[in-house]
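Start at 1 with the first residue, then count along the sequence.
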Amino acid sequence: MTFNENLIREAAYYNWQNAGCPFGQDEKFWNMAIEQIYGSKATKSCCSSSCSAKKTATKTAAKKSTSSSKSKSKK
């Protein structure tokens, strides 16, 4: 099964935003996005090393978005 990382990242980000941007739950939202897109079987077949890199990318993107949103609202 081929995963579209950008699609998963975007879904994870929107799930995270809709949950109120909780800290430290990047893995939860990454897996939730995979399940929403590919079904529950996909998370069981996903290897931990590739997921770790993708989760880190999602976490970094979410932090950047949050910090840029905060700086815009302060102006």
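P22 and F29 make their closest contact through CG-CE1, 3.6 Å (heavy atoms, listed as atom of the first residue, atom of the second, distance). Taking every heavy atom of both residues into account, A12 and A33 meet most closely at N-CB, 3.5 Å.
Applying the side chain to side chain donor-acceptor pair (under 3.5 Å) rule to E10 yields no partners; only residues at least two apart in sequence or on another chain are considered. By the side chain to side chain donor-acceptor pair (under 3.5 Å) test, N6 pairs with R9, sequence neighbours left out.
Formation of a donor-acceptor pair under 3.5 Å by the W16 side chain with backbone atoms of D26 is not found in this model.
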Please test N15 against Q36 for side chain to side chain contact (heavy atoms under 4.5 Å, CB included), starting from the C-alpha separation and ending with a verdict.
CA-CA 10 Å; N15 288 334; Q36 288 173 336; 2.9 Å; yes
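Between I37 atom CD1 and I8 atom CD1 the span is 5.5 Å, to the nearest 0.5 Å.
You'll find the side chain of N4 reaches within 4.5 Å of the side chain of Y38, heavy atoms only.
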